[in-house]
2 protein chains.
Amino acid sequence: MTEATRTKLEAAARYASALSGDAPIVGNDKDQIVFVGSGSVKLVAHASAGREQVVAFQFAGDLVSVPATRAHAYSLSALDDCELISFPADEFFKLVQQEEGIILEVLKCSLVALANCREKAITLGRKTAQERLASFLVSMAERGGTPVDRGVELHLPMSRSDMGDSLGLTIETVSRQLSELRASGLLITPSRSKFLLLDLAGLQARAGHIRAAA
Amino acid sequence: MTEATRTKLEAAARYASALSGDAPIVGNDKDQIVFVGSGSVKLVAHASAGREQVVAFQFAGDLVSVPATRAHAYSLSALDDCELISFPADEFFKLVQQEEGIILEVLKCSLVALANCREKAITLGRKTAQERLASFLVSMAERGGTPVDRGVELHLPMSRSDMGDSLGLTIETVSRQLSELRASGLLITPSRSKFLLLDLAGLQARAGHIRAAA
DNA sequence: CGGCTAATTGACGGGACTCAAAACAAGTGG
DNA sequence: CCACTTGTTTTGAGTCCCGTCAATTAGCCG
């Protein structure tokens, strides 16, 4: 990146530090691009009657596109303490346009987000509660699990409520299905946010993936 | 676009004509970029047990990203007779990378697709059958409706089954909810694929959008 | 007109939601 | 260090919406 571009980007940038639970970025009439410097966030869409859908969880290093409000309103909330840098999308594009390579990276980022969102659409549209939870755990294990001797360990910063809002389920259903997975010996939960996946293959088999049935 | 780039793109391109019902593009181990020259297509994701989720409908002029097979398999099917041009994603990016402007257009395309997919996630995760159908009709009206004296006219190339697979509902539920909207005087269906939306505002009110409740 | 597929309508059952209560984790102050 | 408080998670009972199965009707093309 040239020095000139960097300077201009810094001028357009808005820096925000947020504590857990804060909503540092609220959708307005313009699309925004947000870089997650540290911590983790949820992108939430708001429908009528207070219903919320978590559209994506994003972690340190991710780039998030926050759409302008149209049929639904969007906002970004902190799951952790985190640091964010946001730009108005149009300015951001104008500035990085000349920087060969950068814009390609942004495009790839956006295509990954698109692929993730499509996976979510399958989950929400065609899967049972148990399959949704299993899918979720497998995907989280792929994104940020640490292999230990007995399986894969996960630290999930989001609450059961966030999981429900992400999977299109209620808290109670999330909890019930977790209990069932526990009873099946697929995982144990040493604490609220810590998960130890004992049988990743077993979870994958319950996730309704194409490979499991074929 | 330079002549050199055009020549290279044409070399990488695969042209396909497809009749209604064909699946001219089947997901493989590489991401693909497909341009819809004419006609309309559905992007379908396959889960276990033969369940299908329509991830997006795309029409003439649209650019579609078909992900490689991972947890789920994707394919593109023709709703109409249509003509498609496809590229392996990595080659496509390499070629248009130098062309300033082009790649920005592709990025914007991808962000629109992302926003659409997120809207779909809300619909699938948090809406009732009736809200889903109303949302679908409103969104289709915005994308390709023709205003007439009594309301907005729609020609939908997809079957009830496709609508169901897109909205996470069964054919029967789609049909039942359509009947209810008809009974409420919100629309009439002169033929199978023709819809006349008599009261767009009424449909929007039933779509569960944020504005309706606030 | 006749045959075929798509769409609609009906009856019934099940999975997830709702409401409600109990159990549990995680701080807080004594 | 422990009792207390508070909010989260888990568990339970009942209900409803949508899915399943089945039959009828309507649209479409030869």
Side-chain angles (χ1 to χ4, degrees), chain A residues 19-21 47 49-53 79-80 123-137 154-184 187-195 206 208, chain B residues 19-21 42 47 49-53 77 79-81 123-137 154-184 187-196 206 208:
Chain A
L19 301 173
S20 175
R51 290 172 296 180
E52 296 191 348
Q53 173 67 42
L79 299 170
D80 285 329
T123 298
L124 295 173
R126 286 284 172 239
K127 292 194 181 177
T128 65
Q130 183 148 148
E131 289 174 332
R132 294 184 197 201
L133 206 47
S135 298
F136 171 73
L137 291 171
L154 270 184
H155 280 269
L156 296 182
M158 68 291 285
S159 66
R160 299 287 185 274
S161 172
D162 290 329
M163 292 181 202
D165 285 343
S166 169
L167 298 172
L169 301 170
T170 59
I171 317 179
E172 295 94 325
T173 303
V174 170
S175 190
R176 266 185 263 272
Q177 297 305 329
L178 264 180
S179 299
E180 193 158 329
L181 293 178
R182 261 194 297 262
S184 304
L187 58 87
I188 50 179
T189 51
S191 85
R192 282 191 174 164
S193 59
K194 213 187 281 177
F195 291 69
R206 296 202 179 202
Chain B
L19 301 173
S20 175
K42 57 175 176 179
R51 289 173 296 180
E52 295 190 349
Q53 173 67 42
S77 295
L79 299 170
D80 285 328
D81 300 353
T123 298
L124 295 173
R126 286 284 173 242
K127 291 193 181 179
T128 65
Q130 183 150 147
E131 289 174 332
R132 294 183 197 201
L133 206 47
S135 298
F136 170 75
L137 292 171
L154 270 184
H155 281 269
L156 296 182
M158 69 290 287
S159 66
R160 299 286 185 273
S161 172
D162 291 328
M163 293 181 202
D165 285 342
S166 169
L167 298 172
L169 301 170
T170 58
I171 315 178
E172 294 94 327
T173 302
V174 170
S175 190
R176 264 186 264 272
Q177 296 305 328
L178 263 181
S179 298
E180 192 157 329
L181 294 177
R182 262 193 294 262
S184 304
L187 58 85
I188 51 180
T189 50
S191 85
R192 279 189 178 165
S193 59
K194 213 186 283 179
F195 291 69
L196 181 55
R206 296 203 181 201

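Reminder, nothing fancy here: chain letters follow the sequence lines and each chain counts from 1.
Below the 3.5 angstrom threshold, one finds a donor paired with an acceptor across the side chain of A/Arg176 and the base of D/dG12. For B/Arg182 against C/dT9, a side-chain-to-base donor-acceptor contact under 3.5 Å is absent. A donor and an acceptor atom never sit less than 3.5 Å apart when one is taken from the side chain of B/Glu172 and the other from the base of D/dC18.
Taking atom CD1 of A/Ile171 as the reference point, atom P of C/dA16 lies 17 Å away to the nearest angstrom. If you measure from atom CG of B/Leu133 to atom C1' of C/dT8, you get 14 Å, rounded to the nearest angstrom. Rounded to an integer number of Å, the gap from B/Met158 CE to C/dA7 C1' is 16 Å. In this structure, CZ of A/Arg192 is placed 15 Å from P of D/dT6, rounded to the nearest angstrom. Distance CG (A/Leu124) to P (D/dC18): 16 Å, rounded to an integer number of Å. Distance CZ (A/Arg132) to C1' (C/dG15): 11 Å, rounded to an integer number of Å. Following rounding to the nearest Å, A/Leu178 (CG) and C/dA23 (P) show an atom-to-atom distance of 20 Å. Rounded to a whole Å, the NZ atom of B/Lys127 is 17 Å from the P atom of C/dC17.
A donor-acceptor pair under 3.5 Å is absent between the side-chain atoms of B/Glu52 and the main chain of B/Ala47, judged by distance alone. Remark: side-chain polar atoms of A/Arg126 are paired, donor with acceptor, to backbone N or O of B/Leu169 under 3.5 angstrom.
Phosphate contact (OP1/OP2 of D/dT11, side-chain N/O of A/Ser175, threshold under 4.0 Å): absent. In this model, the phosphate group of C/dT8 is not approached by any side-chain N or O of B/Ser179 to a distance below 4.0 Å at OP1 or OP2. Regarding contacts with the backbone of D/dG19, a side-chain N or O of B/Thr173 is found under 4.0 angstrom from either OP1 or OP2. Considering only side-chain N and O atoms, A/Arg160 lies under 4.0 angstrom from the phosphate OP1 or OP2 of D/dT10.
Residues A/Pro190 and A/Thr170 each lie close to DNA chain C; by heavy-atom proximity, the contact nearer the 5' end of the strand is made by A/Thr170.
In this structure, A/Gly164 reaches neither bases nor backbone, as no heavy-atom distance under 4.0 Å exists between it and the strands shown.
Side-chain atoms of A/Arg182 and A/Thr189 include a donor-acceptor pair closer than 3.5 Å.
A 4.5 Å side-chain heavy-atom check between B/Met158 and B/Met163 finds at least one atom pair inside the cut-off. Side-chain contact between B/Asp165 and B/Lys42 is absent, with no heavy atoms from C-beta onward closer than 4.5 Å.
Relative to the side chain of B/Thr128, the nucleotides C/dT8, C/dA16, D/dC18 differ in distance, and D/dC18 lies closest.
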